[in-house]
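Scroll down for the structure; my scribbles are underneath it.
Naming convention: chains lettered A, B, ... in sequence-line order (proteins, then strands); numbering from 1 in each chain.
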Protein chains: 2
Amino acid sequence: MATIKDVAKEAGVSVATVSRTLNDNGYVHEDTRKLIKDAIKKLNYKPNEVARSLYKKKSRLIGLLLPDIRNPFFPELARGVEDEMQERDFRLIIGNADEKKSKELDYIQTFKQNNVIGIISATNHTDISHYENLSLPVVFLDRTSDKYPSVYADGLEGGRKAAKEMITRGCKRITLLRGPIEVQTAQDRFQGAIDMLVKANVNFNVIITDSFAFGDAEKWAKELFEKYPDTDGVIASNDVVAAAVLHEALRQGKAIPADLQIIGYDDIPLSRLLFPPLSTIKQPAYEMGREAAKLLIRLINNEKGFEKNIQLPVAFIERQTTRKVEEHG
Amino acid sequence: MATIKDVAKEAGVSVATVSRTLNDNGYVHEDTRKLIKDAIKKLNYKPNEVARSLYKKKSRLIGLLLPDIRNPFFPELARGVEDEMQERDFRLIIGNADEKKSKELDYIQTFKQNNVIGIISATNHTDISHYENLSLPVVFLDRTSDKYPSVYADGLEGGRKAAKEMITRGCKRITLLRGPIEVQTAQDRFQGAIDMLVKANVNFNVIITDSFAFGDAEKWAKELFEKYPDTDGVIASNDVVAAAVLHEALRQGKAIPADLQIIGYDDIPLSRLLFPPLSTIKQPAYEMGREAAKLLIRLINNEKGFEKNIQLPVAFIERQTTRKVEEHG
């Protein structure tokens, strides 16, 4: 059976370098990493995880806290985290906190009890004090934070983009669906959209919503067309809500996008499968997950000199619930 | 701070019964469990997990292996598993094997290295030998097995139902999309549908598919209408594939369900948000997850005398991609 020495010899590097690579402990050049990987594969070398854990007195478990994996934004996010962790030989304990503080606290405690070495939290209702005495690195994901490292998409810019695209396409009476007040990223995109609409002096109304659930969104869609029947543009709080609005509009016989234009937020896989396919603002969920994992690993390894608050860009995805720019009149 | 004795006194039971309840170790009556739960809540009793683990020399970690959490069938399944486990104070390590044997084996090994006390596997390409020398209870989920405990929905019956509903609604030239050959549950539903169509002497064609991915399904939808343009009924391998077919049919100007009826499989959350909303065969994904968790806990606790292969029923969900029964001529 191959030993770490065999791997080092095959790769032409020192045992320490192989060890550093295996343990993600300190810098190893990408090319060297490749050589070591190839050697490990060729020799079918299996590092002894338990022995390694004992030696380092550490597990390789990471806690990932989500609001609800059934919200279609989060599987992408979670896969991003997992794929990066898996490649670096870490494993994930996953908990869904359902935006309940007690459940979040419960998961944080059991993460600790299971000796996780870091936590990524994508919850929104967080009581920040839950994280204060943890003595573990924590990264907030899909969420801004002054005090903690975080990875998030540019919500203000996303909201501005959404409004700008609707204005450019001739919308005169826009209705916005404002997402849950406690979800900061939803409020950022709402604020960005409002800023742009006010600046452009375009009329708008607002429907207040308090969740991203399918069933609730169907009610708000009905409310929207009852209260503001002359709406010619809808800026939805996310794609699920946009899908419910689209659905209700079609049921009422509105032509999309001739009578009514709709823009979503997130670009979940559902969005391109709607008919007509949904125009939306894409958040790079998978990449956000990857970046959060990378950031947490840097913190675990006590690296120095890297950016601790990572903002990723958003993009307008033009599909068929918005008009072509040359069409509006 | 409350002790286990305080809890026992408050609930009016023995310390042993409280301990048994906390450790899911042996039978405790539902009513007694409720009394103990209430007492724990009232006294804010926190059992010491680490001490308990040490004493029992066991973790409370469960490994859950999925094909890909991004397939919208699996978040429901995973939440079912998690909710049951969370209520019973177990935690999940989750891995996505992407239907790759090497990744599956890798996750099984790391589950073991992290001292999981049981595994639930929902993968399809499994090499059964991966599980043979584990000395851990294993439950297969969304999959039939002779050798292992399993929880699955009745695929044969699901396929029969799908075909029967299409025949009842007047379809004469049905095209079936056959799901990936290595996914046994997909083959069961395909087989069930074929059995019913042959029995009813209805014409049908088959499109072979090898994945459930959105992008691939769009290609097969095009192929379907090129090869079999006079199709008046489509039995899709799952809802995602049905969505792609629906999308392509609308793009080609077909009236749904007047010209073409479509039935999906799974009843993922997407399905009711399509336009028209998708008729489909519902698999009770969330309940399947719950049942698999319950079954695994029974195995972990060495209980006796319970059913080890649990088949859950499927149901026809009538929406608007199929005609009302009285409408067909």
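- Most heavy-atom pairs under 4.5 Å with chain A, from the set B/Lys103, B/Arg251, B/Met85, B/Gln109: that is B/Lys103.
- What you find for B/Leu274 and A/His247 is that their closest heavy atoms are O-CE1, 3.4 Å.
- Residues B/Glu218 and A/Arg272 are in side-chain contact: their nearest non-hydrogen atoms beyond the backbone lie under 4.5 Å apart.
- Contact record, A/Ile93 with B/Leu61: CD1-CD2, 3.8 Å, taken as the closest heavy-atom pair.
- When each of A/Val240, A/Leu246, A/Asp98 is scored by its heavy-atom pairs under 4.5 Å with chain B, the top score falls to A/Asp98.
- The structure places CZ of A/Arg60 at 10.5 Å from CD of B/Gln113, a figure rounded to the nearest 0.5 Å.
- Summarising the geometry, atom CD1 belonging to B/Ile94 is positioned 9.0 Å from atom CG belonging to A/Leu64; distances are rounded to the nearest 0.5 Å.
- Residues A/Tyr107 and B/Gln86 approach most closely at OH-CG, 3.3 Å, considering heavy atoms.
- Heavy-atom distances place the side chain of A/Tyr286, and not its backbone, under 4.5 Å from chain B.
- Cation-pi geometry between B/Arg70 and A/Phe74 is not met at under 6.0 angstrom from the ring centre and within 45 degrees of the axis.
- Using a 4.5 Å cut-off between heavy atoms, B/Pro269 touches chain A through backbone and side chain atoms alike.
- Contacts with chain B were tallied for A/Asn96, A/Leu250, A/Ile69, A/Asn115; A/Asn96 has the most, counting heavy-atom pairs under 4.5 Å.
- Listed here is the closest heavy atom pair of B/Asp106 and A/Arg91: OD2-NH2, 3.0 Å.
- Note: A/Phe90 CZ to B/Thr110 OG1 = 12.5 Å, rounded to the nearest 0.5 Å.
- If you take CD1 on B/Ile268 and CG on A/Leu270, they are separated by 8.5 Å, rounding to the nearest 0.5 Å.
- Nearest heavy atoms, A/Arg79 versus B/Asp68: NH1-OD1, 2.9 Å.
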